[in-house]
Amino acid sequence: MASLTLFSSSRGSQIGVSASSPSRLITSSVKLPNLARLPLRSRRSFSIISASISAPEARTSPDDLVASILSKVVGTDRGVLLTKEQHQEVDEVAQQLRNYCVEEPVKCPLIFGEWDVVYCSVPTSPGGGYRSALGRLVFKTKEMVQAVEAPDVVRNRVSFSLFGLGGEVSLKGKLNVLDDKWIQVVFEPPQLKVGALDFQYGGESEVKLEITYIDEKLRLGKGSRGSLFVFQRRR
């Protein structure tokens, strides 16, 4: 039976906690020196070692991590306003949430629904040129939404204002499952609406995304080029 030493008794016995029953104190027959008889330097070293092993590190729950990552990205213009250090903090929390991802997330029914794009580590990844530095000056983004519809339809929509006119860019795509975690979406040419104008332009495009975490509130994705996406459920 494994045990963890907490301190030594005045008689020099080793006192610990059973690994199989943390609440049960056990005393071994191994004799330790009485701390009162040790030189001051030795007593300090012994105390430091004992303190370092007596308190196991608490593991953060997934709910706490979800709340943490949302607090870091909501209200940041989808990550545009964050510093390099703040982006790193977001990535660190995302890495921790990987440990709680369900097996085969591509098969998880929670993937379906409407999601707000609340963060991307690369501003132009969602929205393309509309989200570039120049594009953000002209097109004032209101919403960025991704709807995943059963069995294999993805609809992206970016709504914006342009010189006082409301508009949106939308894409419809087909979802293909690549493996247990990776998906591919092949999008049709985008549809642009500004005021009375409504037309389709450009060509097809595709993205590949690894689902690294998903629950009722949050979905995380890692693009094939390393971009981190945070999606928050709308409904």
Side-chain angles (χ1 to χ4, degrees), residues 66-67 69-82 86-87 90 94 110-176 183-235:
V66 168
I69 200 168
L70 287 176
S71 71
K72 295 178 186 300
V73 301
V74 171
T76 66
D77 193 11
R78 298 158 187 86
V80 172
L81 302 179
L82 296 183
Q86 290 170 324
H87 280 292
V90 174
L110 292 175
I111 193 175
F112 299 112
E114 285 194 356
W115 302 85
D116 279 319
V117 183
V118 293
Y119 173 83
C120 182
S121 57
V122 179
T124 56
S125 287
Y130 296 96
R131 293 288 293 167
S132 66
L134 177 59
R136 292 194 303 272
L137 290 176
V138 179
F139 301 92
K140 304 299 183 181
T141 305
K142 294 181 178 179
E143 291 183 329
M144 297 185 70
V145 180
Q146 182 177 88
V148 185
E149 305 170 357
D152 59 2
V153 175
V154 177
R155 299 181 190 273
N156 288 356
R157 184 179 79 253
V158 179
S159 61
F160 56 83
S161 62
L162 175 64
F163 306 123
L165 295 175
E168 70 173 37
V169 179
S170 59
L171 298 94
K172 178 182 177 182
K174 177 178 173 56
L175 185 152
N176 301 307
I183 60 173
Q184 175 199 50
V185 183
V186 179
F187 288 103
E188 299 173 0
Q191 191 83 16
L192 175 63
K193 297 179 181 180
V194 181
L197 296 176
D198 185 352
F199 60 93
Q200 199 170 39
Y201 67 96
E204 290 187 347
S205 60
E206 73 170 54
V207 296
K208 293 180 181 178
L209 195 71
E210 178 190 11
I211 302 174
T212 60
Y213 180 79
I214 187 168
D215 66 14
E216 295 83 357
K217 297 180 181 179
L218 191 79
R219 176 164 58 93
L220 301 182
K222 198 80 169 181
S224 57
R225 297 183 180 179
S227 300
L228 172 64
F229 293 84
V230 179
F231 302 88
Q232 184 177 23
R233 186 180 298 278
R234 290 167 65 95
R235 58 184 181 184

Would you give the length of the straight line joining atom [atom1] of [X] to atom [atom2] of [Y], rounded to the nearest 0.5 angstrom?
| X | Y | atom1 | atom2 | value |
| --- | --- | --- | --- | --- |
| K140 | F163 | NZ | CZ | 9.5 Å |
| F139 | F160 | CZ | CZ | 5.5 Å |
| Y201 | Q191 | OH | CD | 9.5 Å |
| M144 | C120 | CE | SG | 8.0 Å |

Please check: side-chain N/O of [X] versus main-chain N/O of [Y], any donor-acceptor pairing under 3.5 Å?
| X | Y | result |
| --- | --- | --- |
| Q200 | P189 | yes |
| S121 | L228 | yes |
| R155 | E149 | no |

Please report the closest heavy-atom contact between [X] and [Y], naming both atoms and the distance.
| X | Y | value |
| --- | --- | --- |
| P190 | V169 | CB-CG1, 4.0 Å |
| N176 | V186 | ND2-CG2, 4.1 Å |
| L209 | G221 | CD1-C, 3.8 Å |
| L82 | K72 | CD2-O, 3.7 Å |
| R233 | G113 | NH1-CA, 4.1 Å |
| I111 | R219 | CG1-CD, 4.3 Å |

Side-chain contact, heavy-atom cut-off 4.5 Å: [X] with [Y]?
| X | Y | result |
| --- | --- | --- |
| V154 | I183 | no |
| I214 | F231 | no |
| D77 | R131 | yes |
| R78 | T141 | yes |

Decide side-chain contact (heavy atoms from CB on, under 4.5 Å) for L171 and Q146; before the verdict, give the C-alpha distance in whole Å, the side-chain angles of both, and the deciding distance to 0.1 Å. CA-CA 10 Å; L171 298 94; Q146 182 177 88; over 6 Å; no

Step by step, work out the side-chain contact (heavy atoms from CB on, under 4.5 Å) result for Q86 and L81. CA-CA 9 Å; Q86 290 170 324; L81 302 179; over 6 Å; no

Distance-only side-chain donor-acceptor flag, Q232 / D116, under 3.5 Å: no

Can you tell me which residue among K208, K174, E206 is in a side-chain hydrogen bond (donor to acceptor under 3.5 Å, both in side chains) with Q184? E206

side-chain contact (heavy atoms from CB on, under 4.5 Å) assessment of V230 paired with L218: CA-CA 7 Å; V230 179; L218 191 79; 3.6 Å; yes

Any chance you could lay out the side-chain contact (heavy atoms from CB on, under 4.5 Å) test for V117 and W115, step after step, and finish with the verdict? CA-CA 6 Å; V117 183; W115 302 85; over 6 Å; no

Can you classify the ring geometry of Y119 versus H87 as parallel (below 30°), tilted (30 to 60°) or perpendicular (above 60°)? tilted

Hey, are E143 and R157 close enough for a salt bridge, meaning a charged N less than 4.0 Å from a carboxylate O? yes

I'd like to check the salt bridge (Lys or Arg N to Asp or Glu O under 4.0 Å) partners of K172; sequence neighbours left out, ordered by chain and number. none

